[in-house]
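Read the structure below first, then the notes.
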Amino acid sequence: MGDNTRATDLLIESVLQERRQFPPPKAFQAQARIASLEQYHQLCQEFAQDPQGFWGKWAAQELHWFRPWTQVLDWQPPQARWFVGGQTNLAYNCLDRHLHTHRRTKPAIIWQGEPGEVRVLTYEQLHQEVCRMANALRALGVQAGDRVGIYLPMIPEAAMAMLACARIGAVHTVVFGGFSATALQERLRAAQAKVVITADGGWRKGEVVPLKPQVDQALAAGQVPTVTQVLVVQRVGGHTPMTPGRDVWWHELQPTLSAECPALPLDSEQMLFILYTSGTTGKPKGIVHTTAGYNLYTHLTAQWVFDLREEDVYWCTADVGWITGHSYVVYGPLSNGATTVMYEGAPHAGNPGCFWDVIQAHRVTIFYTAPTAIRTFIKMGEEHPRARDLSSLRLLGTVGEPINPEAWLWYHRVIGGERCPIVDTWWQTETGGIMIAPLPGATPTKPGSATLPLPGIQVQVVDRQGEPVGVNQGGYLVVTHPWPGMMRTVYQDPERFRRTYWEQIPPRDGQYFYFTGDGARRDEDGYVWIMGRVDDVINVAGHRLGTMEIESALVSHPAVAEAAVVGRPDEIKGEAVVAFVILEGHYQPSEALKQELREHVVREIGALARPSEVKFTESLPKTRSGKIMRRLLRALAAGEAPSGDISTLEDQSVLERLRD
Ligand code: WTA
């Protein structure tokens with residue numbers, strides 16, 4: 001086991017003592033799509049008997065195909081091709097096919113801006129807007145296969161932009177609006193984007209956050225030569241400098257465009273999007289997902305895990321800049337013809353009831369958020385949710401990090417009124433969709449456990465050699481069978497794909513293990529308890545960050561000679577960023593310099609990576625081979641005495657000095 005799980009050790013201890021079980025509430029179960037454990041086991045059985053038949057059946061039943069596939073899966077590890085020879089279109093599945101039904105006039109998106117304005121787009125209206133945006137992209141020279149950068153706040157145009165790309169076979173790469181100009185530039189350059197879709201700005205925590213200036217900075221001086229045009233959505237108003245010949249206002253172009261744009265029949269394996277995520281190096285990885293498999297997987301998992309029904313008003317609070325926003329704000333719900341709520345803002349001290357207002361105003365029935373948000377609400381006080389009518393809710397979900405049983409129980413009691421099942425969903429950018437989660441009408445839940453793998457998903461907890469570990473023993477979580485939503489590669493780096501995910505645990509007898517990077521254990525009921533990352537990835541407020549990325553950002557500052565970044569347990573954020581910094585000889589430690597370094601990280605990456613603490617030091621604990629012993633730094637950051645073996649530490653006095 002790696003030594004990165006310390007941050008969650010405390011959690012695991014409390015979880016180990018957590019023995020409570022919550023059977024699916026009777027009233028919920030009575031109407032559920034999958035309404036018993038027997039039904040769940042039967043689906044698993046169907047898969048085990050005929051994996052390809054299983055996925056093939058669902059694909060035929062749930063998606064529209066312009067041309068049927070000839071082979072469900074072509075598996076040349078680690079290369080998977082799903083629904084080989086088939087043609088479909090994700091935007092068609094999310095929009096057009098609903099237009100022939102009563103869903104034509106059903107709200108597809110209910111959007112609320114942070115200042116309070118509301119926009120409702122029916123499936124018909126969303127279809128028209130997506131067609132217009134697809135025509136806009138074409139007018140700007142985008143063709144199938146071209147990459148389009150999307151850097152937008154949480155406004156309907158973000159979903160439109162994604163669907164417009166999918167409609168014409170362009171590849172979107174969404175960059176979270178909280179990333180800095182430098183981080184945006186790096187991603188646009190890596191993806192060789194041709195067009196960028198952005199907005200003048202957005203509202204967040206009571207303030208306007210400018211976006212277009214970040215794009216200008218990212219593209220300045222031909223830094224990303226592939227980008228030829230920028231489409232700008234007017235969201236906040238005010239003066240926005242436009243670069244002639246490059247920048248185009250969406251509201252000026254939009255009325256000139258046709259609301260017709262046929263969905264292009266696309267190969268099943270047509271690249272759909274690249275989403276950059278943090279790994280164990282300083283360079284983010286471009287996770288590649290393709291059309292049909294991703295469509296099917298997000299569609300089915302949304303249906304199963306959220307038990308989607310026609311009349312649901314479904315709200316996932318994630319930003320479209322993350323995978324959760326891709327799969328469960330936009331594609332999964334719309335493919336199912338559901339009503340999806342988009343909210344622009346984020347809770348902060350000035351609006352502690354904002355989420356509950358949204359639920360009350362739109363009669364939200366399914367609510368999906370991150371444990372860090374729940375912990376923030378606990379701190380803000382029960383009176384805020386208590387003062388709203390949350391009786392429309394029937395199902396709650398969490399994602400992104402382990403949930404501590406206390407937060408689970410609060411969520412259950414205060415938000416769910418003890419009547420809503422909770423689905424704790426484990427998955428990753430790489431997996432495309434939810435992998436381990438309860439089926440709310442079938443699976444008894446245990447606070448803190450994501451419970452059981454979904455039908456069609458096979459996981460194991462193994463040691464370094466791929467040998468399964470015993471009941472309740474910690475090990476590496478791996479997936480042992482390909483699934484339609486799996487990532488296909490790291491953009492332009494198939495070697496990194498192979499190395500990072502398929503060779504960490506050596507393949508044996510033709511059996512390949514997808515390495516998740518998470519530690520886990522399974523209990524006597526087979527329930528999975530996630531123990532956190534075993535690599536140098538940390539999870540800050542549900543955001544995935546690479547410690548090496550933050551270290552490279554720090555080292556790019558002239559005052560910094562060397563830096564080591566670790567996560568420290570944090571009551572609200574799960575983990576907080578702590579940076580140990582060695583200064584260049586002629587720089588003196590000072591409060592001002594600490595502040596400057598924190599802001600430097602914000603400029604290089606974004607506010608999400610801002611260190612909570614910077615500690616100056618003269619040396620770092622290293623092994624004789626020169627590797628930083630992060631385990632020791634983590635203990636120091638957490639204010640604990642470093643435990644375990646320190647015999648490999650090159651200079652024993654370093655610890656003393658660091659402690660002082
Ligand atoms: C963590 C987010 C515990 C995990 C969808 C994973 C979780 C990483 C859970 C992926 C959960 C996600 N319980 N840990 N329910 N869900 N994680 O790519 O460490 O942003 O590897 O995808 O988040 O983060 P990512």
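All residue numbers refer to positions in the sequence shown, counting from 1.
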### Query
Which is it for T623 and M629 under the side-chain contact (heavy atoms from CB on, under 4.5 Å) test, yes or no, and what are the steps along the way?
CA-CA 7 Å; T623 61; M629 296 178 78; 3.6 Å; yes

### Task
Determine, stepwise, if the pair W426 / D518 fulfils side-chain contact (heavy atoms from CB on, under 4.5 Å).
CA-CA 10 Å; W426 177 87; D518 277 329; 2.8 Å; yes

### Message
Using the rule given for side-chain contact (heavy atoms from CB on, under 4.5 Å), can you reason through Q504 versus Y476, listing the C-alpha separation, both sets of side-chain angles and the distance that settles it, and then say yes or no?
### Response
CA-CA 10 Å; Q504 296 291 322; Y476 302 104; over 6 Å; no

### Task
For M162 and V174, run side-chain contact (heavy atoms from CB on, under 4.5 Å): C-alpha distance rounded to whole Å, both residues' side-chain angles, the deciding distance at 0.1 Å, then the answer.
CA-CA 8 Å; M162 293 162 73; V174 185; 4.1 Å; yes

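Taking the side chain as every heavy atom from C-beta outward, I457 and I436 never approach each other to under 4.5 Å. Looking at heavy atoms from C-beta onward, I422 lies out of side-chain contact with T445 at the 4.5 angstrom threshold. Side-chain atoms of V462 and E467, non-hydrogen and from C-beta on, never get closer than 4.5 Å to each other. Here the side chains of V601 and P611 are in contact, with some heavy-atom distance below 4.5 Å. Using a 4.5 Å cut-off on side-chain heavy atoms (C-beta onward), V461 and R521 make no contact. With contacts defined as side-chain heavy-atom distances shorter than 4.5 Å, the pair H289/M487 qualifies.
The two atoms that bring G177 and L211 nearest to each other are O-CD2, 3.6 Å, heavy atoms only. Across every non-hydrogen atom of T500 and R496, the tightest pair is OG1-O, 2.5 Å. Taking all atoms of both residues into account, the shortest heavy-atom contact from A80 to M486 is CB-SD, 3.8 Å. Across all non-hydrogen atoms, the minimal contact from R544 to T429 is NH1-OG1, 3.9 Å. In terms of heavy atoms, G282 sits closest to S552 at CA-OG, 3.8 Å. In this structure, I378 and A407 approach most closely via the heavy-atom pair CD1-CA, 3.8 Å.
Using modelled atom types, no side-chain atom of T547 and backbone atom of G567 make a donor-acceptor pair closer than 3.5 Å. Checking side-chain atoms of E551 against main-chain N and O of V565 turns up a donor-acceptor pair under 3.5 Å. The closest donor-acceptor contact from the side chain of N351 to the backbone of C354 lies at 3.5 Å or more, if one exists at all. Under a 3.5 Å cut-off, the side chain of T173 and the backbone N or O of G149 do not form any donor-acceptor pair. No donor-acceptor distance shorter than 3.5 angstrom exists from the side chain of D424 to the backbone of P447, with no hydrogens or angles considered. Judged by distance alone, the side chain of Q428 and the main-chain N or O of T516 form a donor-acceptor pair under 3.5 Å. Panel note: side chain Q511, backbone T480; a donor-acceptor pair is recorded below 3.5 Å. The backbone N or O of L658 lies less than 3.5 Å from no partner atom in the side chain of T617, so there is not a single donor-acceptor pair. Judged by distance alone, the side chain of T398 and the main-chain N or O of T369 form no donor-acceptor pair under 3.5 Å. Side-chain atoms of W483 never come within 3.5 Å of backbone atoms of G432 as a donor-acceptor pair (strictly under, hydrogens ignored).
A donor atom on one side chain and an acceptor atom on the other are not found under 3.5 Å apart for Y151 and R187. Neither side chain, S327 nor T298, offers a donor N or O lying under 3.5 Å from an acceptor on the other. Between the side chains of E549 and S278, at least one donor N or O sits under 3.5 Å from an acceptor N or O. Side-chain polar atoms of R147 and T226 form no donor-acceptor pair below 3.5 angstrom. A donor and an acceptor atom, one from each side chain of Y368 and T425, are located under 3.5 Å apart.
For Y294 and F273, the ring centers sit closer than 6.0 Å to each other. H172 and H326 have their aromatic ring centers within a separation under 6.0 angstrom. Checked against the 6.0 Å centroid threshold, W502 and Y514 count as a close aromatic pair. For Y297 and W427, the distance between ring centers is not under 6.0 angstrom.
Between E186 and R189 no salt bridge is recorded (no basic side-chain N to carboxylate O distance below 4.0 Å). For the pair D651 and R657, the salt-bridge criterion is met [side-chain N within less than 4.0 Å of a carboxylate O]. Salt-bridge check for E575 with R634: failed, with every basic side-chain N at 4.0 Å or more from each acidic carboxylate O. A salt bridge links R610 with E599: the distance from a Lys NZ or Arg NE/NH1/NH2 to an Asp or Glu carboxylate oxygen falls below 4.0 Å.
The distance from the CG atom of L620 to the CD1 atom of I582 is 4.0 Å, given to the nearest 0.5 Å. The distance from atom OG1 of T489 to atom OH of Y501, rounded to the nearest 0.5 Å, is 10.0 Å. Once rounded to the nearest 0.5 Å, the distance linking NZ of K627 with NZ of K622 reads 12.5 Å. Separation of atoms CG (L583) and CZ (F616) is listed at 5.0 Å; rounding is to 0.5 Å. With rounding to the nearest 0.5 Å, the separation of OH in Y411 from CZ in F377 is 9.0 Å. The distance from atom CD of E114 to atom NZ of K205, rounded to the nearest 0.5 Å, is 9.5 Å.
E571 CD: 12 or fewer foreign heavy atoms inside a 6.0 Å radius. Other residues, nucleotides and ligands contribute more than 12 heavy atoms inside 6.0 Å of the CD atom of E524. Within 6.0 Å of NZ on K283 lie no more than 12 heavy atoms contributed by other residues, nucleotides or ligands.
Every residue two or more places apart in sequence or in another chain that forms a side chain to side chain contact (heavy atoms under 4.5 Å, CB included) with H543 is listed here: W322, L608.
Classification of the F176-F179 ring pair by plane angle, with boundaries at 30° and 60°, yields perpendicular.
When each of H600, Q595, E596 is checked for a side chain to side chain donor-acceptor pair (under 3.5 Å) with R598, only Q595 meets the rule.
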